[in-house]
Amino acid sequence: MKKMRSYHVEMGKGLDGISFREHAIPVPGPGEALVRVKACSMNYREIMIIFQGVYPLPVRPDVVPLSDGAGEVVEVGEGTTHVKPGDRVAASIFPDWTHGPFSLANAAQLGGSLNGMLSEYVVLREEALVLIPEHLSFEEAAALPCAGVTAWHALTCGPDMAAGDTILTLGSGGVSLFALQFAKALGARVIATTSSEAKAQRLKALGADEVVNYQATPDWHKAVRELTNGRGIDRVVEVGGAGTLAQSIMSTAFEGQISLIGGLSERTQTIDFNALVSNVYGLHSIAVGNRTQFEAMNAIIAQHRIKPVIDRVFPFNEAKEALTYYREQSPFGKVVVRVD
């Protein structure tokens with residue numbers, strides 16, 4: 001019997017709650033595919049689940065972690081038509097969310113209520129799999145499912161974004177870097193914030209038109225306003241949460257859009273109500289995205305030959321080291337585990 005290896009975690013137990021196991025390679029059933037995983041990537045959700053023990057959606061005990069992964073289909077079950085052996089694929093985080101709005105009915109997610117991708121092989125329903133752009137490596141494709149799709153959803157929800165619109169991105173995390181790359185591909189002007197001159201130069205190299213250092217300029221919303229001649233931003237990709245939302249609101253043009261994604265800022269976790277009503281704007285909370293959005297994003301990635309930003313790649317047997325690095329450092333781009 002052929003064997004495979006996988007990681008398993010217990011929520012909130014940290015590195016001590018991670019185990020490494022060997023077991024039989026599963027067999028795909030009707031409408032399923034067996035995927036040999038080639039690479040996985042990490043997101044802040046892993047920090048929440050593994051170290052903080054807090055997550056807004058259910059997490060099963062002894063779960064295989066990581067929502068993001070890419071690999072090759074090696075076998076399909078009876079009646080499977082969406083993918084075939086040899087296809088290069090990535091997994092959609094929410095296998096049941098193929099199109100339309102998010103709901104509890106399609107909230108089951110990889111690396112949470114379902115086993116995730118930090119495994120040598122996985123069996124997934126064919127509806128969960130998306131063909132990856134040909135120009136991407138497996139490591140690059142593994143960066144797409146969470147951060148990439150979230151950024152795409154943030155830019156395309158609500159009012160249509162038009163070429164020439166001004167987009168604001170915060171920091172240099174995975175979502176913000178994807179949003180910068182996608183916005184430039186769609187013809188937008190991008191203003192980014194960051195904490196250092198070194199990161200500012202890297203953001204400009206990716207296409208940012210202007211960068212504001214929020215360490216040197218704590219009232220960065222004023223600088224953003226000045227860069228738009230007082231008009232404000234058409235769309236903000238807001239990843240900081242309560243620590244940055246007030247300034248994002250003050251940066252936004254009348255009837256602009258704020259796409260609210262997370263709470264990465266370490267600043268205050270409350271916001272004054274007066275700040276919430278200080279402007280006229282749309283606020284849309286983002287839950288990654290569905291498979292249809294994933295496929296639309298991939299079309300733009302293929303058309304513009306966009307390459308995800310990779311900070312560092314770890315081997316499969318150093319997944320704990322990868323988690324530690326991701327948690328303790330400030331990576332510029334995605335941290336990836338190559339599954340050899």
Novice: Could you tell me whether the side chain of E321 reaches within less than 4.5 Å of the side chain of T324, counting heavy atoms only?
Specialist: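 Counting from C-beta outward, T324 and E321 never come under 4.5 Å.
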Novice: Below 4.5 Å, heavy atoms only, C-beta onward: do R291 and H99 meet side chain to side chain?
Specialist: no
Novice: Please assess V190 against T169 for the test side-chain contact (heavy atoms from CB on, under 4.5 Å), listing each intermediate value before the final yes or no.
Specialist: CA-CA 7 Å; V190 177; T169 63; 4.2 Å; yes
Novice: Considering only heavy atoms from C-beta outward, does the side chain of V335 approach that of Y325 to under 4.5 Å?
Specialist: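 Sidechains of Y325 and V335: in contact.
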Novice: Side chains of L170 and W220: closer than 4.5 Å at any heavy-atom pair?
Specialist: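 Yes, side chains in contact.
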Novice: Determine whether Q257 and C157 satisfy the following criterion, side-chain contact (heavy atoms from CB on, under 4.5 Å), listing intermediate values before the conclusion.
Specialist: CA-CA 9 Å; Q257 170 89 11; C157 68; 3.7 Å; yes
Novice: Does K222 have more than 12 heavy atoms from other residues, nucleotides or ligands lying within 6.0 Å of its NZ?
Specialist: no
Novice: Under 3.5 Å, is there a donor-acceptor pair between the E238 and S248 side chains?
Specialist: yes
Novice: Would Q52 and Y44 count as having a side-chain donor-acceptor pair, cut-off 3.5 Å?
Specialist: yes
Novice: Just so I know, are the side chains of Q109 and Y55 near enough to count as touching, which here means a heavy-atom distance under 4.5 Å?
Specialist: yes
Novice: Please tell me if the side chains of N290 and T98 come closer than 4.5 Å, counting only heavy atoms from C-beta onward.
Specialist: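 A side-chain contact under 4.5 Å is absent here.
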Novice: So, do I261 and H153 sit near enough that their side-chain heavy atoms are less than 4.5 Å apart?
Specialist: no
Novice: Assert yes or no for the condition that the ring centre distance of F102 to W97 is strictly below 6.0 Å.
Specialist: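 Yes; W97 has its ring centre under 6.0 Å from that of F102.
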Novice: Treat each ILVMFWY residue as a node, draw an edge where side-chain heavy atoms are under 4.5 Å apart, and state whether V64 and V336 are in one component.
Specialist: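 Cluster IDs for V64 and V336 differ.
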Novice: Could you check Y121 against V35 for side-chain contact (heavy atoms from CB on, under 4.5 Å), going step by step and ending with a plain yes or no?
Specialist: CA-CA 6 Å; Y121 290 87; V35 177; over 6 Å; no
Novice: Sequence neighbours left out, what passes side-chain hydrogen bond (donor to acceptor under 3.5 Å, both in side chains) with S196? Give chain and number order.
Specialist: none
Novice: State whether F316 and R338 meet the cation-pi test: NZ (Lys) or CZ (Arg) under 6.0 Å from the six-membered ring centroid, and within 45° of the perpendicular axis.
Specialist: no
Novice: For E32 and T80, which I'm curious about, is there any donor-acceptor pair between the side chains at under 3.5 Å?
Specialist: no
Novice: Would you check if there is a donor-acceptor pair between the side chains of S330 and K199 at a distance under 3.5 Å?
Specialist: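 Side-chain D/A pair, K199 to S330: present.
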Novice: Which residue pairs pass the salt bridge (charged side-chain N to carboxylate O under 4.0 Å, His left out) test when at least one of the two sits in residues 305-317, sequence neighbours left out?
Specialist: E140-K307
Novice: Is there a side-chain contact between E197 and V211 (heavy atoms, below 4.5 Å)?
Specialist: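 A side-chain contact is absent here, since even the closest heavy-atom pair is not under 4.5 Å.
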Novice: What residue among P65, S119, S19 forms side-chain contact (heavy atoms from CB on, under 4.5 Å) with Y7?
Specialist: P65
Novice: Distance only, no hydrogens: is a donor on one side chain within 3.5 Å (strictly under) of an acceptor on the other, for E126 and H82?
Specialist: no
Novice: Flag yes if V288 and L57 sit in one hydrophobic cluster, no otherwise; membership is Ile, Leu, Val, Met, Phe, Trp, Tyr, and two members link when side-chain heavy atoms are under 4.5 Å apart.
Specialist: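 Yes, same cluster.
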Novice: Only one of L110, V83, L34 passes side-chain contact (heavy atoms from CB on, under 4.5 Å) with L124; say which it is.
Specialist: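 Option passing the side-chain contact (heavy atoms from CB on, under 4.5 Å) with L124: L110.
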Novice: How would you list all residue pairs meeting salt bridge (charged side-chain N to carboxylate O under 4.0 Å, His left out) that involve residues 10-24, not counting sequence neighbours?
Specialist: R21-D62
